[in-house]
Each structure stands twice: as C-alpha cells, then as structure tokens.
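In listed order, ligands and their atoms are each counted from 1.
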Amino acid sequence: MNTLYLDYAATTPCDAAVVETMLRYLGEGGLFANPASRSHRPGWMAEQVVENARLDVAGLIKADPREIVWTSGATEANNLAIKGSCEFYEGRRGRHLVTSVTEHKAVLDVMRYLAGKGYDVTFLRPGPQGVITAQQVEDVLRDDTFLVSLMWVNNETGVKNPIEEIAELTRSRKILLHVDAAQAVGKCEINVAQVPLDLMSFSGHKLYGPKGVGALFVRREPFVGVFQQIHGGGHERGMRSGTLPTHQIAGFGAACRIASERWTQDAAHLQTVKEAFLAAIQARGLDFAVNGHADERIPGILNLSIAGVNSETLMAALPQLALSSGSACNSATVEPSHVLTGMDIPRSEALNALRISFGRFTTIEQVREAAGWLVDAVASLKR
Ligand SMILES: *Cc1c(COP(=O)(O)O)cnc(C)c1O
C-alpha cells in the first residue's frame, strides 16, 4: 500500500537536485577527500565545496558566511547556542534565561539541564493562540537576564512568534537572543542583516536537504561568543570539531540555494494546498478546530482537533496517511502534546489533535483524497 506523506514538518524528502549534488562527493570517483586535508589537491577542492555551500546557506538568511557554523542539525545547533553561550560568558553575565513552554525538546531539555546547573529559567506560556509577544518577554526581563531563546515557527502548530520585535527588545537591553528557526528557514522571510538576533539554529532536512546536517548562525558584529561543546581538531573556528561531511554540507547548500530561488513560490503553493484541504473537510461537514493563531503562521502546517475522536485511534484507522499527532508516546500511556497543553488547550482536545503538514511535492489531488479518507475514517469511528 502506498502511503500518502503529509508529515513534512517532521522531515522532508531531499529535492532531486540535492540528491544529485550529494552523490558527487561520496564514491571513489568523486570528491570524497577530507576538506581539512591541507597536503593535497583533492583536500583543497573538498574545502572549496564546503565553502561554496557556506555561501549558499549564508545567502538564504542574509548572513556573512563566517557567521555559519556547521552542526549535525538543529538539535546540536540549539545545544551549542545555549550551552555554548552560557559557558562562554560564565561569571561575566547574569544567570537568568527566558524561553517558552512550547519550544522544541532540543531547547527545553537544554534549559532544564542548565536549571540543574544553577541557572534560573523563566518558561513563558503563550496562551491559546500559541504566540509569545514582545510584551510578555519584556515583562520578565531582569538585570541579570543573559539570554532569551524562542522559536521562530512552532513545529507542531506552524504559529510564528514576532521575532523581529523581540529582537529589537533584547538588543536594546543588551541581552542575547537565540532563535530556533528550523521550521522558518526556507519557508518565510528570514534576514539576519535586518533582525538583530544573535544566534539562530536551522536544519538541512526540514528544507529538502539531507538529515544529519544543520547550522548555527553566530553573529560577528556585535560579537557573540559560544564555547565549543564538541572538542577535537578545532574545526569551525574552534566552535565545533569533527571532520566536515562534504556530501551533507553540499546537499544542504544546494537545498538552501533552491529555497532562495523558490521559497515564495513554495509558500504560495502551500497556501493553495492548505485551503483546498480545509475546503474539502469543511464541505464534508467535519467538526474540527484549528489550533493556534489564525494568521500568524506558515501555510505548511495545520494542527486540527477533531471533535470526539482520539488522534491515535484515528491515525490507526488511516494507515494510508502519514500524519502526526504531535504527542510523545511514552511506553505505557499516550501523553498529549506539550505544545498544545502549553497553549492551555484542554487535555481532552489536545488528545484529539492531528498535525497535517504539506510540502513542495504535495498536490491538490492528494490533499482532496486525504480529506476524503479522513472524513470517512472519522465517520466510521463515530458509528
Ligand atoms: C526538527 C526540529 C528541530 C531538530 O532538528 P534536527 O536537525 O532534527 O536535530 C529543532 N527544532 C525545531 C523547531 C524543529 O522543527
């Protein structure tokens, strides 16, 4: 049975041009040399491939290429940004950190770890719209606040935070701002030359690049310090050691180049696809609510609570659809999503939530078919 993939927020397939690019750097006949090898031409050529990709990745977000640090993904970038900056400024700045309860676990778990090390962490709650406002941030800032870490776009709801405004606030108070932009880069306008954030994480596999590669943007002007979390050969200007994976980086670069060219076209397509899906389920009379802000969102992610139907039961009845409930499955019990409960959505509704996410390769025909299957499955479960 073919599965219709509507889980692009979890990961995306590589664009065909990305796959083609990567293959050039893998086999014996290709440019497989270690980009840190200084003693031969293949090494210098591999280094050139890495540096060209750095230009493409930096270009997408309007950064200087020297502000890009390669990592294994957004999880590692989040760890490096938060733990690395805390360690770098340890003893010279305050120990108060601000984040929100709807962050990705790769931020929340780092914050909990630091709380255990004596940092004081404020976890903001966004309310049912899912948005953290600049006012909310301002209200909790203190003289000893060192860093604020907030995501640009939420991976479960698609809701956007007003990072532009928050960045102006933190900059004016000389507080560092880290942004987890894994769901934003390549999907909406990101310009670090205009938004005074300090650190920003993103990932290859959320924008049609490969898994296992990502980047941390570390601003140079004004200078931001991060202390390495992986020690070794001193790669990446001492911020992250380890042999650079040329093929992953070249694929990530290609994905960013493609995104630069077509993200607006992708966004328009996703809007059309989403509207077609919503129109189809509405036409069939499905009783549902969209979770999160109506307008402050990217078009590719839809989080729905379907009245009276548990999402795990519903997904089991829809094996032909690859969807997500956004909830973490513990071994014994299914817990509702921390994002939805963090938005004060009642537990009963959070347990009925489905995350449907569309991508570059999703068609209108596919979402109409998916809508039909979904409505039929709900009807049969209610009978
Ligand atoms: C996917 C994702 C991550 C983790 O990225 P990896 O590259 O898979 O480590 C972090 N934050 C957000 C918001 C994400 O969507």
Subject >> is_close_aromatic(F361, Y208), centroid dist under 6.0 Å >> reply: yes
Original post:
Does an N or O anywhere in Q183 fall below 3.5 Å from an N or O of ligand 1?
Top reply: yes
Subject >> Numbered atoms of ligand 1 (with element) below 4.0 Å of G73, judged on heavy atoms >> reply: 7 (O)
**OP:** For ligand 1, note which part of T75 has a heavy atom under 4.0 Å away: side chain, backbone, both or neither.
**Re:** both
**OP:** Give the numbers and elements of all ligand 1 atoms closer than 4.0 Å to a heavy atom of M151.
**Re:** 13 (C)
Subject >> Per-atom contacts of ligand 1 with H205, taking only distances under 4.0 Å to non-hydrogen atoms >> reply: 6 (P), 7 (O), 8 (O)
Subject >> ligand 1 contact on A74 by region, counting heavy-atom pairs under 4.0 Å >> reply: both
**OP:** Could you tell me which atoms of ligand 1, counted from 1 in the order shown, lie closer than 4.0 angstrom to a heavy atom of S203?
**Re:** 6 (P), 7 (O)
Original post:
Under the 6.0 Å and 45° cation-pi test, does K83 pair with Y113?
Top reply: yes
Original post:
Salt bridge or not for D120 and R95, using N-O below 4.0 Å?
Top reply: no
Subject >> Pair D64 + R219, salt bridge at N-O below 4.0 Å >> reply: no
Original post:
Taking heavy atoms and a distance under 4.0 Å, where does K206 meet ligand 1: side chain, backbone, both or neither?
Top reply: side chain
**OP:** Provide the full list of salt bridge (charged side-chain N to carboxylate O under 4.0 Å, His left out) pairs with a residue in residues 180-202, sequence neighbours left out, each pair given once.
**Re:** R171-D198
**OP:** Look at atom CG of D143 and say whether more than 12 heavy atoms of other residues, nucleotides or ligands are closer to it than 6.0 Å.
**Re:** no
**OP:** Each residue besides I345 in its hydrophobic cluster should be listed here, by chain and number; the cluster joins Ile, Leu, Val, Met, Phe, Trp and Tyr at side-chain heavy-atom distances under 4.5 Å.
**Re:** V339, L340, M343
Original post:
Do any nitrogen or oxygen atoms of E76 come within less than 3.5 Å of a nitrogen or oxygen of ligand 1?
Top reply: no
Original post:
Does any N or O atom in D180 lie less than 3.5 angstrom from one in ligand 1, N or O only?
Top reply: yes
